[in-house]
Amino acid sequence: MHDIPLRRTGMNPLQDCATLLHLWRLKRRIRPTHVLGYTAKPVIYGSLAAAWAGVPRRFALITGLGYAFLGEAGDGGARGLLHALLPRLYALALRRTHKVFFQNPDDQALFRGQGILGPATPSCVINGSGVDLLEYPVAPVPARPHFC
């Protein structure tokens, strides 16, 4: 496990550049053979850092588009900036992936339709990242966690 200086909801370009640099250095140091980015910033910065660090196999999981993709681009302010910038960042990053997984077909269609995901990049829709509660019923949290 590695600590990453990532602010999930922050919009500070300097902090995001620091995150990208940290990820690039980490990937150069540990030399993974595969990387899977999960959620917006890890997909964007993780995919770019992995490509620049020479990670041979890179994948992305788009879990949902959130408020940055909702509404109109002319909303103004931070939301308008995100609405304009995020698709470009996704496109830049996803060009460097080997496959993109989506959790719903509407997001996949949007990414294809807007050219965020190019025709040469394979993609598929998965069932999601939840747990089947019929298979794994809720249980009380143990008093002391047990680790492998």
Side-chain angles (χ1 to χ4, degrees), residues 1-73 75-132 135-136 141-142 144-148:
M1 194 146 83
H2 304 275
D3 286 327
I4 305 296
L6 181 127
R7 300 193 85 169
R8 190 178 61 84
T9 59
M11 290 182 30
N12 182 322
L14 292 177
Q15 289 175 337
D16 287 348
C17 286
T19 296
L20 180 59
L21 180 62
H22 182 92
L23 287 167
W24 175 75
R25 285 181 178 150
L26 177 64
K27 289 171 191 340
R28 298 250 321 160
R29 184 170 49 85
I30 65 175
R31 293 287 188 203
T33 58
H34 294 70
V35 167
L36 170 67
Y38 183 90
T39 70
K41 284 188 178 186
V43 164
I44 293 167
Y45 302 134
S47 296
L48 292 172
W52 296 337
V55 175
R57 302 291 294 165
R58 300 169 304 276
F59 304 92
L61 173 57
I62 308 299
T63 57
L65 300 183
Y67 94 104
F69 276 85
L70 302 175
E72 296 298 318
D75 286 349
R79 185 180 191 160
L81 178 63
L82 268 180
H83 195 88
L85 186 59
L86 201 55
R88 289 176 176 85
L89 290 172
Y90 266 123
L92 180 67
L94 295 179
R95 275 197 301 259
R96 291 157 172 79
T97 61
H98 294 93
K99 189 168 192 170
V100 180
F101 303 94
F102 290 88
Q103 288 190 337
N104 79 62
D106 294 336
D107 292 348
Q108 182 186 38
L110 180 90
F111 271 53
R112 290 276 185 209
Q114 290 188 3
I116 298 168
L117 185 62
T121 305
S123 69
C124 67
V125 177
I126 61 170
N127 289 331
S129 56
V131 173
D132 182 351
E135 182 75 23
Y136 301 98
V141 176
R144 284 186 13 187
H146 300 283
F147 298 100
C148 303

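What's counted below: heavy atoms across the whole structure, side chains too, no hydrogens, waters or symmetry copies. Every value quoted in this text rests on a predicted model; they were computed, and no experiment measured them.
In this structure a side-chain-to-backbone donor-acceptor pair under 3.5 Å is missing from R31 to K27. At distances below 3.5 Å, not a single donor-acceptor pair connects side-chain atoms of T97 with backbone N or O atoms of A93. With hydrogens and angles disregarded, a donor-acceptor distance shorter than 3.5 Å links the side chain of H98 to the backbone of R58.
Atom-to-atom distance recorded for I116:CD1 and L92:CG is 12.5 Å, nearest 0.5 angstrom.
In this structure the side chain of F59 never reaches within 4.5 angstrom of the side chain of L61, judged on heavy atoms. T63 is listed as a side-chain neighbour of Y38, based on a closest heavy-atom distance under 4.5 Å. At a threshold of 4.5 Å between non-hydrogen side-chain atoms, the residues R57 and T33 do not count as touching.
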Residues 104-112, side-chain donor-acceptor partners within the protein, below 3.5 Å, at least two apart:
unit_1, atom_1, unit_2, atom_2, d
N104, OD1, D106, N, 2.9
N104, OD1, D107, N, 2.8
N104, ND2, D107, OD2, 3.0
Q108, NE2, S123, OG, 2.7
R112, NH1, G118, O, 2.4
R112, NH1, T121, O, 3.2
R112, NH2, T121, O, 2.6
R112, NH2, S123, OG, 3.0

What side-chain donor-acceptor pairs closer than 3.5 Å can you find for residues 42-56, not counting sequence neighbours?
unit_1, atom_1, unit_2, atom_2, d
Y45, OH, D16, OD2, 3.0
S47, OG, V43, O, 2.6

Next item on the list: Tell me, with the steps shown, if F101 and C124 meet side chain to side chain contact (heavy atoms under 4.5 Å, CB included).
Entry: CA-CA 5 Å; F101 303 94; C124 67; 3.4 Å; yes

Next item on the list: Take W24 and L20, measure what side chain to side chain contact (heavy atoms under 4.5 Å, CB included) needs, and give me the verdict at the end.
Entry: CA-CA 6 Å; W24 175 75; L20 180 59; 5.7 Å; no

